[in-house]
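Report on one structure; see the data block that follows.
Letters A, B, ... mirror the listed sequences (proteins, then strands); counts begin at 1.
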Amino acid sequence: MSLGEQRRILEERYPSLLEEKGEREERPRLPPLPGAVEGRVRTRFAPNPDFVIHIGNARPAILSDEYAKMYKGVLVLRFEDTDPRTKTPLREAYDLIKEDLKWLGVSWGEEYIQSLRLEIYYDVARKLIERGCAYIDTCGEEGRDLIRKGVGCPTRNNPVEWHLEELDKMLSGHYGEGEAVLRVKTRLDHPNPSVRDWVGLRIIDTVKHPHPITGSRYNVWPTYNLAVSIDDHMMGITHVLRAKEHEVNTEKQLYVYKCMEWDPPVFIHFGRLKLEGFIMSKSHIRRLLEENPDKFMGYDDPRFGTIAGLRRRGILPEAIRESIIMLGVKPGDVTLSWANLAAVNRKILDKMADRIMYVGDWVELRVDQEECMTATIPRHPERPGEARSIRVCPGDVILLNKSDARGEVRLMGLGNYRVDDGRLVYIGGGLEYARGRRLPIIQWVRKEEAVKTRILRPEGLDLVVEEGYSEAALRDYGVDSRIQLIRYGFARVDSTGAVYTLVYTHS
RNA sequence: GCCGCGGUAGUAUAGCCCGGCCCAGUAUGCGGGCCUUUCGAGCCCGUGACCCGGGUUCAAAUCCCGGCCGCGGCACCA
């Protein structure tokens with residue numbers, strides 16, 4: 001018997017059972033975390049501060065945060081800024097990322113910056129050498145070829161003391177970029193050449209490539225895999241949630257755990273997240289910004305899938321969180337469709353966004369009626385008490401959408417009119433008349449008090465600009481307010497002034 | 001090319017580990033109705049899917065084999 005059938009029978013015979021269950025709406029939940037113990041879970045979010053984060057990066061942040069909260073554990077925030085050369089960290093990014101995380105409702109209990117922990121990595125490197133698990137390769141460029149061939153630099157077999165001395169030489173600046181590296185020993189016949197004796201420490205000339213936090217103080221930098229395995233252990237991380245591009249890294253990092261006799265955390269890898277219709281890649285966004293400085297508004301342009309861009313678009317943090325939790329943690333790639341994100345967002349927005357009348361492709365009509373009338377319109381259907389009044393007198397000019405300006409219509413809150421040769425002729429009859437005749441109930445703007453309004457609507461890589469007029473009540477809303485333009489859609493106030501600029505969120 | 005991971009309605013996801021309760025659930029989209037001073041929200045009804053081919057089994061979305069397609073990795077990046 002299908003669920004539907006069971007339900008139908010229940011409804012027929014035992015309706016009270018269903019009522020008691022109470023179909024109350026719940027936030028989506030995550031599946032249980034393998035091996036998690038309440039109060040003991042420690043997760044981490046480890047961004048590279050070379051740019052702001054996008055919704056794809058936000059996924060591990062939100063999942064890690066959600067799981068930490070679910071099990072009353074701790075989320076650790078760790079900036080992974082150990083490459084001043086090719087992924088040079090951005091000074092501002094550290095704070096921008098923290099802002100985005102706070103906005104998303106992600107809360108962390110501890111915070112670390114890897115570039116401030118280099119001595120720790122040097123210490124463990126020394127221990128790895130002492131335990132025979134790492135060595136210094138001074139073969140330079142040739143060392144890589146040897147590894148690829150499955151042989152390795154001859155120094156691999158030198159005594160431990162030699163390597164310890166060489167490490168000190170590296171640290172004291174004896175070697176230049178590329179002349180010496182510390183490698184972590186693995187099988188030399190590993191099918192993936194990048195795993196074979198992977199590099200743990202390398203030299204980066206910070207005079208040429210200064211680091212935004214430590215300047216030119218250090219010239220030996222750990223690779224991702226060395227720093228991460230050490231930190232995850234020292235920070236007591238129990239569960240690592242990261243994208244599947246890290247699967248091979250997990251394999252590499254396990255060599256450190258094994259050598260140091262540390263218990264590895266539980267690793268969970270999930271597929272990549274794409275947001276339909278948005279540009280996500282950091283490098284792509286950077287390039288667009290450099291090549292078209294006039295076309296885009298910055299990293300927070302509403303056409304970008306950055307957290308800042310989505311925020312500017314009018315997407316709420318709850319909507320992002322909920323959508324990401326709904327997507328879950330499966331290994332395949334996922335595409336978050338805009339329709340879905342918008343639907344979740346709309347549900348939340350609808351309860352809070354005040355209603356404003358806006359007219360886009362307008363036409364001017366003169367009112368033809370006996371006396372002044374006042375429209376009182378609630379700002380929100382669920383809060384009828386909060387209303388604004390608009391007084392319309394004979395001879396006033398009213399703006400309507402061109403497509404609405406024909407036949408008989410009801411101007412919302414005001415009255416019924418007939419559009420007749422450039423005029424709006426009052427025909428009376430009240431709301432009952434309008435309903436009975438199924439007149440369109442439309443929004444309108446009194447020209448006298450109209451607020452010039454510019455709407456920016458992202459459409460793929462384009463930003464469609466539409467100009468129109470809003471009712472005076474728009475002036476009550478400041479930057480960042482979310483409103484609903486009646487019969488048009490939701491929007492976020494982007495700037496105020498003589499002209500109001502709104503970013504169109506979705507219908 | 002080599003390693004690894006996936007393929008459920010238009011879209012996204014549940015179920016797959018431990019085969020039957022799945023003629024496949026949910027959300028969104030789409031169509032219709034009710035309600036409502038919005039073409040919004042809410043409520044109700046409808047629509048529509050297990051990549052293909054074999055095999056195992058009384059029974060397969062679930063297990064096995066092959067194919068096709070997609071994604072990830074193959075750095076002194078993270």
Of the listed nucleotides [options], the one nearest the side chain of [X]:
X: A:Val181; options: B:G40, B:C76, B:C77; answer: B:C76
X: A:Arg346; options: B:G29, B:G73, B:U11; answer: B:G29
X: A:Arg85; options: B:G4, B:U11, B:C77; answer: B:C77

- prompt: So A:Phe278 and A:Trp338, would you call those rings parallel, tilted or perpendicular, with 30° and 60° as cut-offs?
  reply: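 Tilted.
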message: Does the plane of the ring in A:His269 sit parallel, tilted or perpendicular to the ring in A:Phe267? Use 30° and 60° as the thresholds.
response: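 Geometry flag for A:Phe267 against A:His269: parallel rings.
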Within this structure, what is the [atom1]-to-[atom2] distance between [X] and [N], rounded to whole angstrom?
X: A:Arg272; N: B:G72; atom1: CZ; atom2: P; value: 6 Å
X: A:Asp189; N: B:C2; atom1: CG; atom2: C1'; value: 15 Å
X: A:Arg44; N: B:A78; atom1: CZ; atom2: C1'; value: 11 Å
X: A:Arg438; N: B:C39; atom1: CZ; atom2: C1'; value: 14 Å
X: A:Ile268; N: B:G72; atom1: CD1; atom2: P; value: 21 Å

What is the nucleic acid contact for [X], judged by heavy atoms within less than 4.0 Å: base, sugar-phosphate only, or nothing?
X: A:Gly178; answer: base
X: A:His269; answer: nothing
X: A:Gly328; answer: nothing
X: A:Gly277; answer: nothing

field: Atom P, compared across B:G10 and B:C5: separation rounded to whole Å
entry: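 It comes out at 29 Å once rounded to the nearest Å.
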query: If we take the P atom in both B:C44 and B:C35, what is their distance in whole Å?
result: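 Each nucleotide's P atom is 15 Å from the other's.
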message: Between the base of B:U38 and the side chain of A:Gln484, is there a donor and acceptor pair under 3.5 angstrom?
response: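 Yes.
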task: Ignoring backbone atoms, test whether A:Arg202 places a side-chain nitrogen or oxygen under 4.0 Å from the OP1 or OP2 oxygen of B:C77.
output: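 Answer is yes, contact under 4.0 Å.
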field: RNA chain B contacts among residues 247-254 of chain A, heavy-atom distance under 4.0 Å
entry: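 RNA chain B contact set from residues 247-254 of chain A: A:Val248, A:Asn249.
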message: Stem finding on RNA chain B, please: runs of three or more consecutive Watson-Crick or G-U wobble pairs, both distances under 3.5 Å, sorted by first number.
response: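 RNA chain B forms these stems: B:1-7 with B:68-74, B:10-13 with B:25-28, B:29-34 with B:42-47, B:51-55 with B:63-67.
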